[in-house]
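These figures come from a predicted structure and were not determined experimentally. Letters A, B, ... are given to chains in the order of the sequence lines, protein chains preceding strands, and every chain is numbered from 1.
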Protein chains: 2
Amino acid sequence: MKKSDKISWSGCPVRYAAGVFGDKWCFVLLRDILLHGKRYYGEFAASEEGISTNILADRLSRLEGDDMLTRHVDPNKRSKVFYLPTRKARALLPAFLGMMVWSTEFDDKTAAPASFAKAFRENPKAAIAWYEAEIDRVNAGLELSS
Amino acid sequence: MKKSDKISWSGCPVRYAAGVFGDKWCFVLLRDILLHGKRYYGEFAASEEGISTNILADRLSRLEGDDMLTRHVDPNKRSKVFYLPTRKARALLPAFLGMMVWSTEFDDKTAAPASFAKAFRENPKAAIAWYEAEIDRVNAGLELSS
DNA sequence: ATTTTCACTTGCAATTTGAAAGCACCCGGC
DNA sequence: GCCGGGTGCTTTCAAATTGCAAGTGAAAAT
């Protein structure tokens, strides 16, 4: 907390965003939560990118501290833990999908189908709503039991 | 380049984006270039956040390598250097402005005027076009002499 | 009771960062 | 030409962060 004395990483919108998720691993965690329906610690740990567990724990608690995630012990199996995206995290969807459209245009090795970018460009609100609904669907399966 | 052996940071759109600009300092450099009309090395170095020059040089060359910036020696004063955003960098504007809207909503210390978020939400294309025009305006003053 | 699953934590080497100093080139005066 | 300052990096080195591997403790499963 030395740096935040001199210049706080908020105020400027870009700086604030950088402070909250301007980091490789936060990107992939948010992707897993917002786009891939992952919720459990074990699911994050198993992601293709191979995050190590100390970093994973650190980023999860940071995101929790920044009010992006909430931590929950699974009531059906109390040795497991899941994380739910907050409204704040979900509100990132539009920007996130915008980034993805950008990637599909400029990464020549992109694995995303062209249909995604097309759909988003033609009707961004509908695309966002679709992902929102997916998030709700996944959450529903967890929130019921808690 | 060890990590890129195992999993290349492309393919997945989010991972690709994270690889190119998923870093605090890339965020603020892109902000300075896309939004604040900065072009010269000295201008970046003087930014409020106080980036140190080794990191600055590293990020500039990385962004150049990722085809986000092009480096130019100022023909009027050949000891100075400026960087121009590529089409690829400019294409990030929509996602970037989306992020800024998000920040203005969730950073309670935000310094951005509410009018910005409002304007973007009401007419995103117009807001983007306005920033595009600004970029062209700034570039025009440099490209003429080169 | 014992083993296994799970979510972390710890230890430690390696990479990255950051502050400061150094270096090389250009430019303007003299 | 030569000197002094401006400019864009590069180097140095300590400090912070990362990443791998092993460890821990609580809960389930056997």
* **With L84(A) via side chain to side chain contact (heavy atoms under 4.5 Å, CB included) - residues at least two apart** => R39(A), T70(A), H72(A), F82(A), N139(A), L142(A), E143(A)
* Starting at CH2 of W25(B) and ending at P of dT17(D), how long is that distance when rounded to a whole Å? -> 14 Å
* Report the residues that fulfil side-chain hydrogen bond (donor to acceptor under 3.5 Å, both in side chains) with N123(B), sequence neighbours left out, ordered by chain and then residue number. => none
* **For D107(B), all residues meeting side-chain hydrogen bond (donor to acceptor under 3.5 Å, both in side chains), sequence neighbours excluded** => none
* Of all residues at least two apart in sequence or in a different chain, which pass the side-chain hydrogen bond (donor to acceptor under 3.5 Å, both in side chains) check with R62(A)? -> D58(A)
* **Protein-nucleotide distance (D58(A), atom CG; dT17(D), atom P), rounded to Å** => 9 Å
* Measure the distance from CD on E49(A) to C1' on dT18(D) and round it to the nearest whole Å. => 16 Å
* Using a 4.0 Å cut-off on protein heavy atoms (strictly under), produce a 5'-to-3' string for nucleotides 5-13 of chain D with B for base contact, S for backbone-only sugar-phosphate contact, and - for none. => --SSBBBB-
* Structure fact -> Ordered by number, residues from residues 28-36 of chain A within less than 4.0 Å of DNA chain C (heavy atoms) are none
* Which residues share a salt bridge (charged side-chain N to carboxylate O under 4.0 Å, His left out) with R78(A), sequence neighbours left out -> none
Would you be so kind as to tabulate the donor-acceptor pairs closer than 3.5 Å made by side chains of residues 111-120 of chain A, with sequence neighbours excluded?
from, atom 1, to, atom 2, distance (Å)
K118(A), NZ, E122(A), OE2, 3.3

* Would you mind listing every salt bridge (charged side-chain N to carboxylate O under 4.0 Å, His left out) that reaches into residues 7-20 of chain B, with sequence neighbours excluded? => E48(A)-R15(B), E49(A)-R15(B)
* Asked: Among residues 61-68 of chain B, which residues get a heavy atom nearer than 4.0 Å to DNA chain D?
  -> none
* To do: Side-chain contact test, heavy atoms from C-beta onward, threshold under 4.5 Å: evaluate it for V28(A) versus I51(A) and give yes or no.
  => no
* Atom-to-atom span, CG of L56(A) to P of dA7(C) - whole angstrom -> 10 Å
* Report yes if some heavy atom in the side chain of L56(B) is under 4.5 Å from a heavy atom in the side chain of L29(B); otherwise report no. => yes
* Asked: In whole angstroms, how far is the P atom of dC20(D) from the CD1 atom of I51(A)?
  -> 11 Å
* Asked: For Y131(B), which residues count as a ring-ring contact (aromatic ring centres under 6.0 Å, His included) partner, sequence neighbours excluded?
  -> none
Would you give me the side-chain donor-acceptor pairs under 3.5 Å for residues 86-101 of chain B, sequence neighbours excluded?
from, atom 1, to, atom 2, distance (Å)
T86(B), OG1, D67(B), O, 2.7
T86(B), OG1, M68(B), O, 3.2
T86(B), OG1, K88(B), N, 3.3
T86(B), OG1, A89(B), N, 3.2
R87(B), NH1, E105(A), OE2, 3.3
K88(B), NZ, Y16(B), OH, 2.8
K88(B), NZ, D66(B), O, 2.8
R90(B), NE, E132(B), OE1, 3.1
R90(B), NH1, D136(B), OD1, 3.0
R90(B), NH2, E132(B), OE1, 2.6
R90(B), NH2, D136(B), OD1, 3.1

* Asked: Nearest-Å distance, CZ (R59(B)) to C1' (dT17(C))?
  -> 8 Å
* To do: With DNA chain D as reference, determine whether R78(A) or I55(A) sits nearer its 5' end, using the nearest nucleotide of each.
  => I55(A)
